[in-house]
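Everything on this sheet refers to the single structure shown next.
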There are 2 protein chains.
Amino acid sequence: MGYRPNLRARAFSRGRTHGIGLLYTDDAWIFEGMNTQVVNSLVRALQRSKYHLVFAPIDSSGAWEEIVLGGQIDGCFVFQSLPPEVLTAVRERELPVALLGDNSDPTMSQVVVDDMAGAYAATKHLIGLGHKRILFFVHQTIKPHCSIGERLAGYRSAIDEVGLKRHECMLAPEEDAIDILVRGDNRPTGIVCYCNLEATLIVHAMWQYGISIPANLSIVGFNDLFATKYMTPPLTTVGFDAAKIGELGARLVLQDIATPHAKRQPVVMTVKPKLIVRGSTGPAAVRVAPRTA
Amino acid sequence: MGYRPNLRARAFSRGRTHGIGLLYTDDAWIFEGMNTQVVNSLVRALQRSKYHLVFAPIDSSGAWEEIVLGGQIDGCFVFQSLPPEVLTAVRERELPVALLGDNSDPTMSQVVVDDMAGAYAATKHLIGLGHKRILFFVHQTIKPHCSIGERLAGYRSAIDEVGLKRHECMLAPEEDAIDILVRGDNRPTGIVCYCNLEATLIVHAMWQYGISIPANLSIVGFNDLFATKYMTPPLTTVGFDAAKIGELGARLVLQDIATPHAKRQPVVMTVKPKLIVRGSTGPAAVRVAPRTA
DNA sequence: ATGAAAGCGCTAACAG
DNA sequence: CTGTTAGCGCTTTCAT
């Protein structure tokens, strides 16, 4: 009979807004790559439970404080790492929370990707193709993040296992990597990239140098996206189910909302990545002299 | 002295949540391409004014009704086209609103991109390079959207202006476009793509056929993204300032919120695109026989 | 000027 | 089990 409950009054009376915050800093790039898929699944998973996502970028305006402390949200997601004062505020408010892509605080629920396993599989793939000199490369624009260490560990584990020599180029400009790939007689024939960004940059650079992929250089990346699938050549990459992260994360905080603070238990859920072999990797290269760019 | 106003109580008392809805359907792909930048700027522009974005995907759950009719939001953005009952609800609620990427209702405020000018510039660019057979291509996965017609009109206007023949391949699978590009003696030497998706697909296909770009085929796309900038070759494309769309949109609805319903005036704001010339276009091709894929 | 009080629309506790 | 009422915490109006 046309009656509509007033959601503001209900929120006031019940002490719940049915909003869940998404706390993130600029450098988390939540609107890039796989992250958008995580966010998308977050929105949908929450909507299914009659909740909505409240975006709370942490910036100098301090608007996040209003949101977190003012009772605008019933729980929140912490996207990657955050300034300590934000975590403190969340804790003191006893706000249900799930960390997304951050494992720095074992007392909080979290969902993480098994990056180590992913990088291990990627490196093993190159080793299996006969590559002996394999570079691990992280571009300088990548911000410090736990996955860097995880992926590096996976790479090292595979390399060490077969007694190869490590070649690491960490948080460096791509010029450094190109230098290593193009100069000297002992150039790497394979490269494990931190993510699709490095892969894209390197493919682009090699194209300029006339080094063909995978004939002369094999490349593995991370992240399975439209753009990587249609690179020339299509990128061999470590993919994972990003939507699952959102679903699991939503379940965690919704569960905690329904649980009195005292009986909440931090739980960590892991999503397993898998290697997707495409055209950017092949048997260890017969080397050709690079032409100058 | 540590006092925190309770936002729920304030929302109740004042009758405003400081939330602005983002109404969209699945097929609007708001987490793809330029759209993510629009959304991102929306979030930031609102936060600057102490508002927050409430994502309201229109799905079968009908959750949007609660949000729109239940007073969960003080205004909203309509992202591309929506089912008519949603628009009706928005209108009846007299909710301040701005259309984003949709010009179907002149009685509502809106911000649009001048797609016609963009496509015109793209086509003129190819004409200027001496191309005589220029194809306009929209992939089948693109959903009906006003920009398709606009871009087509821009293409036609440029083509007709110099008396060339139109070649249009609308809402077709890429196989159709490839067919046109690869078979026969009178193949197009230039192609205007609806967006970066078509450009990516075509570049990928031509790579398989051994047709080199831009030597044998020139391609112009739409959207300026990391992925298009680092394509091989880098894509000549029509770019526009997506962040501006969010800023203007936010201004429009915030303004209307501060204005009594009776005195609100629909205003349309246009953002001008510009052609970014990169490596995927060059002088009209000397044709080579395609090798079989 | 400052301070008291009514009211927003719902929920939950309580009385009948 | 149904019907009444107090109360959530702020804003705004009205009296002082």
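Numbers restart at 1 for each chain; the letters A, B, ... are given by sequence-line order, proteins then strands.
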Within this structure, what is the [atom1]-to-[atom2] distance between [X] and [N], rounded to whole angstrom?
| X | N | atom1 | atom2 | value |
| --- | --- | --- | --- | --- |
| B/F12 | D/dG7 | CZ | P | 16 Å |
| A/E66 | D/dC10 | CD | C1' | 14 Å |
| B/R14 | C/dG9 | CZ | C1' | 18 Å |
| A/Q72 | D/dG9 | CD | P | 16 Å |
| B/R16 | C/dG9 | CZ | C1' | 17 Å |
| A/R8 | C/dT11 | CZ | P | 14 Å |
| B/R10 | D/dT12 | CZ | P | 10 Å |

(request) Measure from the ring center of B/F12 to the ring center of A/F12 and say whether it is less than 6.0 Å. (result)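 Between B/F12 and A/F12, the centre distance is under 6.0 Å.
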
(request) Verify the ring-centre separation between B/F222 and B/F240: is it less than 6.0 angstrom? (result)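 Between B/F240 and B/F222, the centre distance exceeds or equals 6.0 Å.
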
(request) Could you tell me whether the phosphate oxygens of C/dG9, OP1 or OP2, come under 4.0 Å of any side-chain nitrogen or oxygen in A/Y3? (result)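 So the side chain of A/Y3 is outside the cut-off, no N or O lying under 4.0 Å from OP1 or OP2 of C/dG9.
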
(message) Regarding A/D74 and B/R8, does a basic nitrogen lie under 4.0 Å from an acidic carboxylate oxygen?
(response)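 Salt bridge between A/D74 and B/R8, a charged N being under 4.0 Å from a carboxylate O: no.
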
(message) Check this for me: does any side-chain nitrogen of one of B/R44 and A/D26 sit under 4.0 Å from a carboxylate oxygen of the other?
(response)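 Salt bridge between B/R44 and A/D26, a charged N being under 4.0 Å from a carboxylate O: yes.
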
